[in-house]
Each structure stands twice: as C-alpha cells, then as structure tokens.
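The structure under discussion appears below in the form of structure tokens.
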Amino acid sequence: MLAIGLWFWFGAGWIQSQSRGLMSPIAFPRAISAMLVLCAVLLIARSLARGRLAKASALVSVERPWFVLAAMGMTILYPLLMASLGYYLATALWLPPFLWIAGYRRPVGIALATAGFLVFTRVIFQHVLGTPMP
Amino acid sequence: MIGQGFLFALHHMESWDVVAGLVGGTLAGYCIGSIPGLSSSIGIALLIPFTYGMSPITSIVLLVTLYMATEYAGAIPAILMNTPGVPAAAVTALDGYQMRLKGEAGAALTMSILSAGFASITGTLLLIGSSTWIASVALAFGPVKYFAIAVLGLSMVSSLSGDSMLKGFIGLFFGLAVALIGTDPMDGVPRYVFNDNLLSGVGFLPALIGLFALSSVFSLVEKSADMPAPLKKLPSVSGQVGLMRPYLGPLARSSVLGFLVSVIPGHGATISAFISYGFQKRISKRPETFGHGNPEGLIASEAAANASVPGALAPMLSLGIPGSASTAVLIGALTLHGVQPGPLLFTRNPEIPYSIFIALIVTMPLMVALGLAGTRLWVRVTQVPRSMIAGLVGAMCLLGSYASQNDLFAVWTTIFFGILGYVLQKAKIHPAPIVLALVLGNITESNFRRSLITSRGHLSIFVTHPFAVACLLVALAVFLAPFVRRAPAAAPAPAPSTH
Amino acid sequence: MRLRTWLSLFAAAGLAGGLAATLGGGVAQAGPAYPDHPIHYVLHVSPGGATDVMARKLGSVLQKELKIPIVIENRPGGRGAAEMAIITHSKPDGYTIGSATSTHLAEFHQTLRQYNIHSVTWVARLVTDPYLFVVPAKSNIHSMKDLAAAIKADAGKMVVAGFVKGSGANIAWEMFMSAAGLPASDVNWVPYNSVGGGVTAVLGGHGAATVAYYGLVKDQVAAGHLRVIGVIAPKRLADLPNVPTVEEQGYNVPTFWNQWRGIIAPANMPPAILAALDADIKKAMESPDMQAYVKNNSLQYDYAGSATFDTFIQQQDKVTLVWLKKLGFVK
C-alpha cells in the first residue's frame, strides 16, 4: 500500500516535469510517463478490489523497523563523513556502528573487520588501481 | 590458413611473460569482477598503464583474460550475497541467490563456473569460425533493426516480473523514465536534469549496486536475528561436473544465443544475459520456478554472459568496431601499442587475433579449475554471520560505487536506489525489470527517433524490414502472452513466496 | 621484470598520491623548484577512451621526465561538470591540471553556462584531429563538388549519419553546406552517439556520407570500404596527400575548425608556473615516445603554448557561438 502511494506520486511527478520542458525530444518521455501512471492506477484499482478480500496479506511488515531506519540513516551519513573527514577516517568511524546496527555485537570481531576492510581496500583501490580517495 | 595463423601466434607466445599475463589476468579478473562497481571495462582501463612496458601480445593476452575472468567472477558475489559484481550478474542473481538461500550455494557456484567455461569455449569456436562474415552481418543493423531488437529485449520483462505482470511493467516504465534523465542522446538538450551531475544521466553501475546489493543489505539488517543459512554438502569434483548433466540443452542454446546477441555492436553481456534468461523461461517446462532458484535460469544467464565476450570481440577484430564497452577499451589499449584493430588486422598483425583466440581457449581450463577449487572456499561466506556480511557488503557497495566514477554523487545515487530497492522489495516489485529498462532505454529511444528522422517522420519505416517486423511481432506476442494465458485460468493461485 | 618495475612505480605513485591527499595540499607554495610534489591530472572522461588513453600516456612520460608522480583522476560526472568543479575550486599552483577538448567550448554555451573561457587557464594544445568528409567507396561521389551536386539533385533525401547535432562534426558539415549555398534542410542529418557511430552506420549502408576523424577511417579507407573526399584544414594532411582540402575545392570554410585536445588549469595562474608547465608538457610531447603515440593514432601533432592556445580558444569560441546560434542551440 505504501509503495502504491509512492508510485502514484512518482507518476504525477513525471508528468509535471515534462510539461515544464517543452522541447522537441519529449514524445518518448511523455509516452513513458503516461504508461507509468496507467500502471500505477491499475495497480491501485486492483489492490483495492483485492484488498477487501485479503487485507492482511497486502500489509507490509518490517521486522526490525528501527534498525532498518537506522541503517538507512547511517548510509546517508557515510558520504557526508567521507566528504569532510576523508575516506579512511570516515570508514573507521562508520563501520563499527553500522556493524552493530546490523546485529553483530562482538567488539573484537568488529575491530578486526574494520581494520581488515581498511587494509583490503587500501591495497586494492589505492595501490593496485590508483583510485583517488576523497 | 587458420592453422598457420595459430602456429604463427604460438611462436610469438612462447615466453614466460605471456604465461604470466594469462595467470595474472585471470587472478586480477577474479578480484575485479567480484567487487561491485568495478566492471570489466573499468578493470581493463585501469590495468592499461601496467601494459606500457609489455609487448603487444603479452598485454592483449593479459587484458583479454582479465575481461573473460571479470565477466565470470561477477557471478560469485551475485550468488552468495545478491550483490552482482558486474552488471550481467544481476540476471544470475535472480536464481543464483535463491539457490543459495536454499543451501545450494555450492551447486550454484559450480554450475555457474561450468556454464561460463562451456559458453566461452563455444563462443570462442564460433568466433574463430565466423568472425569475418558474422561481423558484416552485424553491420547491416540499422536504426530500425536496432529498435526492433531493443523492443524484443524489453519484452523479456514478462519473464522477469515474478508474481505480478503489472508490477513488472511498473518497474519497466520506472526504469525507462530514469533512463531519460540526462542529456538527450540526439539533440543534446538536458532532460530532467536538476543537478549538474545528472547531465550524463543516472550512473548505471551506482543504480545497479543500490537496487540489488544495498537493498539486500537492508533486508539482512532486518533479519539479522535469523540463524545462519543452511549449507548442503558439495559432491566431489567429478560429482560437481555431473551436476550439469540434466542441463546440457539450455547450456548449449544459451551459449549460442549469447554469442549472437553480443555480436551486434552495443549489445554486451547484460543484454545477452537478459534475452537468454527470458528465452529459456519461455521454453522451459517449469517456468513458474524461475526466480525461485531454478538452475536453468542461472545457467541461461551465465552461459550467455560469458559467450558474449568472444561475441563482442568479433566486430572488434574484423571491423575495428567495439561490440561492448570493454572492447572499446581494448581497442584503445591496442592502438597504444601501435596495433590498429580493423579490416586490416588479420593481414597486418595476424599474431594479435590468433593470440587472442589462444588466450581465450587456454584461460578457460585455468578459470574453471580456479572456480571449482574456489567454490569450496567461497561457500564458507554463507557461514559468516549475516550481520557481519551486511556491514561489510554495505561498506563495499558504497565504496565500489564511489570508485566506479570517482565521485560522491555516485554514492548518493546508490543510496537512493538502495532505499528505493528495499521499499520496492516490500511491495514485491522486483528490481530486474528496472535494470532491464536502464540497459535498453537509451538504445530503444535513440534508434526509434533515428529511424523516424531517416524516414522524415513516416512510421511506415518500421514495416519495411522483414527482420524488424518479425522482431516486433515476437515482442508483441511475448508482451501479451501472459495476459492471454491468464484469461482462462480466471483466478490465479496465490503465488508461493519463498521468503 | 619490466612488469615489476612498473608495478612498483605505480605503487609509489599511488602511495605518494595518497600522502599528498592526506596532507590536503597544504604546502602549495610553489617555490623555484616547481614541481616538487605530485601533480593531479583530472580527466573529464571515463577510463579507456581515446582522450583517457592519451592523457595516461602523457602522464607516464611527464612522470619520467619530471621524476614527480602524475596522478591521473577520472571524473567523468556530468559531462565535464565534475572536472570543471575541481579545476575551478583548485589553486592555480600548477599541481592540478585538467584535460580539455573542443566539446568544452560548446558545453560552456549550452549545459555548463556557469563557466566560460575565462574560468580556466588554457595551458597547451596538444594535438588536433581535422574533420574529414567520408563516403562509402562504392558511392559515385568523388569530390566535394560531387557531394554538393548529389545533395542538390536529391534535395532533402540524402541521409548523413553523424555525431549529435551541435557537435563539432555537425558544425563542420553545416559550414560546408553554407559555403556551398545549400540550405541545411537539404540533407537529413541522422544523429549517432559518437563520431565512430556515424562511421559504422555509413559502413553498414545506413548513411550516404559522414564527417569523421582520420584515425577512425584510416583502415577502412585502406581496405577499400570508405573514401575521403575532403578535409577541413589549412593544408592537405601528410597521411592523405591525394585528398584536397575543402577550401581547395572552392568552398570557403574556417580552416582552423577542428577537434583538439589540450590541457587546462585553474584560472589566474602565475606566469612563472604557467611557463614552466608549458615547457615541461612541450618537452614531453616532443619525446620519441609521445611522437610515436601521436603517429600511431593518426593524430596531427599541433602543439600550441599557452599564449597561442589562448588566442586559438577565443577564435574557436566565437565560431562555436555563431554556429550554435545558427543551429538554434543557443538563443
């Protein structure tokens, strides 16, 4: 149900943005957004029809919602940290709490994993491939 | 003639440098392929500087082996962690990851490496036998035929949708919409660009990593209290080979199909894998088990993806036209060594194409041996606590995405698609149709418009080529088939959900 | 053996690059000993293309010459937007340089309007790639005159397969059309994703002509698949002595209109550093290694130091703007 709303929103969003840009290459976007909206409406209609029959199955359930949300928040934090602290420091600070959120609770393991990951990425990316790290 | 060429090339290849190139290329390919974000084209490009000091033969052997090994190795994390290491492995993940969830990780890995091995040998033989004329056939592909075959590719959505066609179509159209973002391929005007970084479009690799890998990290976080996955025992090496016996038909079909699709310039491993997977599902006796861990799907995808390597080399060797992003980079590497791939390559530098053939054939046993031996090692990953995997894969996703473009914007793209992918998963909308649309969106649109420009706006151009008409009709049939089939069976049984 | 030397060189480059990055480039004061720490060479393209391969080659030659690591950074984001952001936000100390091609000028007028030719220092032009007019070998068009006649005879029907509209190749075509007194609508320009895409289309019979570079058609011409009928350049190319220039054939087009590759740096670079950089790059370009590379890739070696390059850019920029307006891309 949640996703249906999301889709509808998306469909509407696309329509608005393409009416804004009135340039020649708009035929294709217009067709696609129309189809997207059509599908979203169909899906809503169908789930409404079916929803009466089996309401329970349509409900979305998340098992550990707070941890999932925290994990999402953490991933958003990561590029911000990288930009301000540089890759190595950011990862050293970021990985342990992320592992904790994921459910791994042994401090030694967390420390080893973080150190191992840092060494591994340093060897592969910087020494072998020459990727410039932020 | 061919025999002479081989002897000539072998003569040039008799050196330890070349052998070192073979082994080094394979090992490097395994590493690069299994890291999400580093696709074969990036891998080849990043290793070009290492080849400056080498002879042209050693460097081409190194790079071709690397290409080959990378395309395979992407399947390993795809099966074990639903994290495709290279784009084509996203198709492998559809059934491969489901097999792993059932405890068949070892079998899945074994089948993937054996399919890859078989397919590359088949593809290489086809390449040797046909490279010159098949490439000229590929040249005959004008905008109309490109459009037709792209639509045929898009119609494979009906094989990827899982329980609900409608949800598959939603994914497809969403993907097509995302593919529109960026600079218009024909007139150069920006479309839906609200940030300068989007001028070149939404990065495909970052989006792919988000949709598949990062979203499954979130699922792992959600379920981390669960027990570690079960793991069935792996048979002995001879038994491993025996696993393939029931699937020889799909294997051979997918190898040939993957080769043919990839000969068309611009259609690389990913499109080959999608088309082959869709085709295999159409003709399978048990289509309903695709996406729930059917080995046929895994084999179809892996075989096609790996047969596409020799396939993409065909137009490059005979015409100097890249068949895929990776072969475009290979052309750059060859010109760096003063070798110009093109119509004169076979007469001017015959040692180059023949040493590529030999490299492809010789690498294969090496790759398969490494793969079979490694399987025993890699399956251990399934015994590592899920929470640990979630953490490390999460970090690797973000880093790999950064490395694919050297840009934090790519990381944002991955995060956006990761969260989106997780939400869609909750709504039972599979990411595969989105990926399909991202791959084909641009090709479809630009060739549609290119055809219309050629004909000055007359739609009739699409019915003037018999081949194009055939493709479009088949695509239409494939699109409609599921609806037709469903009609008599009024109320479909509730789809079995595995998890 | 050689591989190992290269491996260690690269490891050293990576390590040094990493160190420089961690120090944040804090010691950017360029003393008389410029350059004394790694130079970052920022590219607007992904690894593997022609521009990237050449830049990496130049980087390795410069590295040998200066005994200073050259760190190549690919920043392909946003069609040059990512590269421009780095260049314009770096200090003009000679330790950050970038790649540039003629596409940059068009982008400044179209998508990246926050920048213009004064946003950067134009350090050096390295090579140029003249535009060639190419037809299939079995076509009965043998000269630019034939081409003009064929277009007139079949007004509006001839399909020309070329790079996207508004690109340098497209502008080159339009220059010819206007010099021949033909309206642009007399041909059907079908845009492809790259110059090479247009060549492939003509090879496959999906276009009657295209505009391309020598390196892309060299072997097809030698193999008897394609024919070059004219070139936009001040004089005939050494590689194609029998192909007259477009001007020789009586069409007055700007002969300096070509695809070029050069090096840019942050704006307001101190003259001393600019001169040192210019001299170092020139020396590297003149090395046998680079010369062989340029020849193998059928590019025209056309070095221009910062002063000449800057004048050239102003000239190119003016012409670019005029044509983008004529084609309706800029109002």
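Everything numeric here is computed off the predicted structure, so don't read it as measured data. Throughout, protein chains are lettered first and strands after them, A, B, ... in sequence-line order, and every chain is numbered starting at 1.
Residue B:Leu172 does not touch chain A at all, counting heavy-atom pairs closer than 4.5 Å. Interface residue B:Leu392: backbone and side-chain heavy atoms are both found under 4.5 Å from chain A.
Between B:Trp412 and A:Ile76 the shortest side-chain heavy-atom distance falls below 4.5 Å.
Taking CD1 from B:Ile415 and CE from A:Met74, the interatomic distance works out to 11.0 Å, rounded to the nearest 0.5 Å.
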Handout entry: A:Thr75/B:Val411 under side chain to side chain contact (heavy atoms under 4.5 Å, CB included): CA gap, chis, key distance, verdict
Key = CA-CA 9 Å; A:Thr75 53; B:Val411 181; over 6 Å; no
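Between A:Phe117 and B:Leu399, the closest heavy-atom pair is CZ-CD2, 4.4 Å.
Among the residues in residues 90-99 of chain A, those with a non-hydrogen atom closer than 4.5 angstrom to a non-hydrogen atom of chain B are A:Trp94, A:Leu95, A:Phe98, A:Leu99.
Taking B:Ala207 as the reference, B:Val202, B:Phe417, B:Leu438 meet the side chain to side chain contact (heavy atoms under 4.5 Å, CB included) condition, with sequence neighbours excluded.
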